[in-house]
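Sequential numbering from 1 along the given sequence is applied to the chain's residues. From a predicted model like this one, the values you see are computed outputs, not experimental measurements. Below, each value reflects all heavy atoms present in this structure, side chains not excepted, and no hydrogens, waters or symmetry copies.
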Amino acid sequence: MHPALNIIIRAARRASQIINRASLDLEHLQVTSKRQSDFVTEVDRAAEAAIIEVLHEAYPEYGILAEESGHTAGRAAGSEYQWIIDPLDGTTNYIHGLPQYAISIALAHRGQLVHAAVYDTTRNEMFTASKGGGAFLNERRIRVSKCLKLEDALIGTGFPYRVQEHIDTYLAIFKDLTRKTAGIRRPGAASLDLAYVACGRYDGFWEFGLSPWDIAGGALLVAEAGGLIGDLAGNETYLQTGNVIAGTPRVFAQLLQVIDPHRKPGLNA
């Protein structure tokens with residue numbers, strides 16, 4: 001295992017201690033709203049601080065892009081490496097006691113994802129990947145499913161509560177895919193949805209309006225597990241646009257075909 005991935009795992013486990021401890025006393029959790037339907041807790045901030053402390057101690061020269069603290073430069077302002085961190089993906093689930101949330105940490109080199117982990121703290125499932133080295137769940141190699149037909153596929157998604165100007169487009173796609181798939185699920189943590197594509201629990205996934213920290217960890221998992229991931233046009237700009245489609249190679253292509261006719265002006269790929 002690459003040393004950087006070991007550090008990512010260590011940071012995720014450090015943050016999980018904070019998250020799991022606080023989950024035992026949610027009634028006293030301090031919750032604030034960043035915007036409609038987008039919450040942050042003291043746990044998000046404490047977990048992120050713990051992650052950054054571990055990463056910075058090992059690689060002080062690397063830059064950081066994190067959900068709560070934003071963008072910070074490393075010791076060398078022009079560092080080619082950047083950590084992309086979501087300390088608690090699925091905060092809304094967390095504050096309601098719904099056990100579907102995760103820690104996502106990825107490392108990018110010159111904009112290319114090279115190492116990542118998505119850690120489901122409630123199930124103790126550690127998904128990891130390194131570029132060219134495959135994807136793993138608790139050290140067991142994982143692959144995307146063998147699903148070939150959209151009609152047989154179980155698809156994950158997330159409602160676009162941050163970009164509600166596109167809600168009608170989203171609902172039209174949802175309706176279309178409901179008719180053309182085996183089922184659609186919306187658990188509420190994109191990093192885990194992508195991890196589930198990587199290990200074959202889902203056959204595909206799509207969502208609008210995500211942030212880089214929502215996508216980065218899971219994106220590398222999908223790619224290293226033999227799946228495809230792209231924006232709404234199938235290109236590699238999903239970290240920039242926040243719009244993502246992922247799946248087995250066949251399901252990915254069929255999702256693109258269904259979604260493309262619904263794209264309206266103003267909805268970037």
Non-hydrogen side-chain atoms of [X] and [Y] separated by less than 4.5 Å:
X      : Y      : answer
Pro187 : Leu192 : no
Ile7   : His2   : no
Val258 : Leu177 : yes
Arg123 : Gln100 : yes
Leu55  : Ile105 : yes
Leu228 : Val251 : no
Cys147 : Arg250 : no

### Query
Step by step, would you call Asn124 with Arg13 a side chain to side chain contact (heavy atoms under 4.5 Å, CB included)?
CA-CA 10 Å; Asn124 192 29; Arg13 293 199 184 279; 3.5 Å; yes

### Query
Judged by modelled atom types alone, do Thr41 and Asp44 share a side-chain donor-acceptor pair under 3.5 Å?
yes

For [X] and [Y], indicate whether the former's side chain and the latter's backbone hold a donor-acceptor pair under 3.5 Å.
X      : Y      : answer
Ser104 : Val118 : no
Asn93  : Tyr101 : no
Tyr62  : Ser79  : no
Asp86  : Gly217 : no
Asp120 : Met126 : no
Glu224 : Ala129 : no
Asp214 : Ala190 : no
Thr237 : Gln240 : no
Ser16  : Thr121 : no

### Message
Does atom CD (Glu236) have a neighbourhood of more than 12 heavy atoms from anything else shown, all under 6.0 Å?
### Response
no

### Task
Assess whether atom CZ of Arg263 is packed by more than 12 heavy atoms of other residues, nucleotides or ligands within 6.0 Å.
yes

Kindly work out whether a path of hydrophobic side-chain contacts (I/L/V/M/F/W/Y, heavy atoms less than 4.5 Å apart) joins [X] to [Y].
X      : Y      : result
Ile19  : Leu98  : no
Tyr202 : Phe136 : no
Leu148 : Leu255 : no

### Message
Test side chain to side chain contact (heavy atoms under 4.5 Å, CB included) on Ile85 and Ile64; report intermediate values, then the result.
### Response
CA-CA 8 Å; Ile85 304 165; Ile64 292 171; 3.9 Å; yes

Which pair of heavy atoms, one from [X] and one from [Y], lies closest together, and at what distance?
X      : Y      : result
Gly227 : Pro249 : CA-CD, 4.5 Å
Gly218 : Leu194 : CA-CB, 3.7 Å
Ala117 : Ile8   : CB-CG2, 3.5 Å
Leu113 : Ala216 : CD1-O, 3.4 Å
Asp231 : Ala233 : OD1-N, 2.8 Å
Ala246 : Phe252 : CA-CD1, 4.0 Å

### Message
Over 60° means perpendicular and under 30° means parallel, so tell me whether Tyr81 and His109 are parallel, tilted or perpendicular.
### Response
parallel

### Query
Once the angle between the rings of Phe174 and Tyr170 is folded into 0 to 90°, is it parallel (under 30°), tilted (30 to 60°) or perpendicular (over 60°)?
tilted

### Task
Begin with the C-alpha distance, continue with both residues' side-chain angles, and end with the deciding distance and a verdict on side chain to side chain contact (heavy atoms under 4.5 Å, CB included) for Ile245 and Leu256.
CA-CA 8 Å; Ile245 298 173; Leu256 283 172; 3.5 Å; yes

Gap separating the [atom1] atom of [X] from the [atom2] atom of [Y], nearest 0.5 angstrom:
X      : Y      : atom1 : atom2 : answer
Leu210 : Asn243 : CG    : CG    : 7.5 Å
Ile52  : Arg14  : CD1   : CZ    : 13.0 Å
Ile142 : Thr128 : CD1   : OG1   : 7.5 Å
Ile167 : Phe208 : CD1   : CZ    : 9.5 Å
His56  : Glu61  : NE2   : CD    : 9.0 Å
Leu26  : His96  : CG    : NE2   : 10.5 Å

### Message
Less than 4.0 angstrom from a charged side-chain N to a carboxylate O is my criterion; do Arg201 and Glu125 meet it?
### Response
yes

